[in-house]
Amino acid sequence: VGADWTFPEWAAAMHGTVKPHYQPEDVYAGTLVGRLEALHCGVTTMLDWYHVAHSHDHEDAAVAALRDAPGRSIFCLGAGWGTPDPVDEDIRRVRAELGGDGLLTMAFGLRGPEATDLHTVARELTLATELGLRTSLHVETNGTITELREHGLLRDTTTVVHANGISDNELHMLADAGSSISIS
């Protein structure tokens with residue numbers, strides 16, 4: 001991966017080259033080891049931003065690993081990465097299985113306008129609201145938050161991940177909408 005690659009270039013390389021080789025047992029092992037390492041470091045609540053969604057078996061393996069580890073986990077399902085295809089069935093299936101009141105709950109990992117179109121983002125936000133899910137999305141470039149605001153797509157239930165390239169003005173837009181940021 002080149003140091004000067006943009007987020008969409010990096011995501012396309014990872015999802016197009018690496019993701020197809022992951023098997024459900026790889027997902028289980030990686031998720032479990034990651035969760036246990038977080039616990040070892042004192043992190044008792046963790047959000048697992050999961051976008052290796054390749055099949056229901058892969059999703060179920062990630063959920064099983066989080067269930068098998070102690071602590072509170074939020075499974076943030078990022079289904080459909082790299083495509084505008086509807087993911088309603090996947091999100092509803094996992095949401096029905098997890099419920100929302102135990103040590104393992106769910107969030108919806110939006111693909112966001114840097115990875116898909118605004119129509120898809122709006123459709124996913126509507127589904128998240130219907131299912132009572134918090135959302136998270138990756139934002140790398142300045143202008144993305146402005147675009148979301150202009151289309152009425154900023155929510156107080158959304159956490160923006162990274163946000164390294166956004167302007168101070170866009171930080172204010174997020175604050176005004178009640179959105180949060182996770183720097184990683």
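This is a predicted model, so every value here is computed, not measured.
Listed for the H119 side chain is no donor-acceptor partner under 3.5 Å among the backbone atoms of P84. Panel note: side chain T126, backbone A122; a donor-acceptor pair is recorded below 3.5 Å. Side-chain atoms of E140 do not come within 3.5 Å of backbone N or O of H162 as any donor-acceptor pair. Side chain of R72 to backbone of T44: no donor-acceptor contact under 3.5 angstrom is found. For T144 (side chain) and T141 (main-chain N/O), a donor-acceptor pair under 3.5 Å exists by modelled atom type.
In this structure, R35 and S73 have side chains that are in contact, with non-hydrogen atoms separated by less than 4.5 Å. By the 4.5 Å heavy-atom criterion applied to side chains, F108 and E124 are counted as neighbours. At least one side-chain heavy atom of I91 sits less than 4.5 Å from a side-chain heavy atom of L127. Looking at L98 and L104, their side chains come closer than 4.5 Å, going by heavy atoms from C-beta outward. Counting heavy atoms from C-beta on, the side chains of M106 and L133 come closer than 4.5 Å. Put simply, the side chain of V27 reaches to within 4.5 Å of the side chain of Y50, judged on heavy atoms. Between T129 and T157, every side-chain heavy-atom pair lies at or beyond the 4.5 Å cut-off. With a 4.5 Å cut-off on side-chain heavy atoms, Q23 and D26 count as touching.
Taking CG from L148 and CG from L154, the interatomic distance works out to 5.5 Å, rounded to the nearest 0.5 Å. Atom CG of D85 is separated from atom OG1 of T116 by 9.0 Å, given to the nearest 0.5 angstrom. Atom OG1 of T31 sits about 7.5 Å away from atom CZ of F75, to the nearest 0.5 Å.
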Atom pairs and distances, side-chain donor-acceptor, residues 171-181, under 3.5 Å, sequence neighbours left out:
| residue | atom | partner | partner atom | Å |
| --- | --- | --- | --- | --- |
| S179 | OG | R155 | O | 2.6 |
| S180 | OG | T159 | OG1 | 2.7 |

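Ionic pairing of E130 and R92 is present here: one or more N-O contacts between side-chain nitrogen and carboxylate oxygen are shorter than 4.0 angstrom. Ion pairing between a basic and an acidic side chain is recognised when a charged N comes within 4.0 Å of a carboxylate O; D60 and R93 show such pairing.
With sequence neighbours excluded, the residues that form a side chain to side chain contact (heavy atoms under 4.5 Å, CB included) with S167 are N142, N169, E170.
In plain terms, the two heavy atoms of L39 and V43 that are nearest each other are CD2-O, 3.4 Å. In plain terms, the two heavy atoms of T135 and A128 that are nearest each other are CG2-CB, 3.4 Å.
In the hydrophobic clustering of ILVMFWY residues, with side-chain heavy atoms under 4.5 Å counting as a link, W49 and Y28 come out apart. The same ILVMFWY cluster, assembled from side-chain heavy atoms under 4.5 Å apart, contains both L153 and L131. Cluster annotation: L103 is not connected to L36 through the hydrophobic network of ILVMFWY side chains, with a link wherever side-chain heavy atoms come within less than 4.5 Å. At a threshold of 4.5 Å between side-chain heavy atoms, the hydrophobic network of Ile, Leu, Val, Met, Phe, Trp and Tyr places L118 and I145 in one connected group.
Among V63, D48, V94, V87, the one residue that satisfies the side chain to side chain contact (heavy atoms under 4.5 Å, CB included) test with L77 is V94.
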### Message
Could you walk me through whether T120 and R111 satisfy the side chain to side chain contact (heavy atoms under 4.5 Å, CB included) test, starting with their C-alpha distance in whole Å, then the side-chain angles of each, then the deciding distance to 0.1 Å, before giving a yes or no?
### Response
CA-CA 8 Å; T120 300; R111 289 170 274 191; 3.5 Å; yes
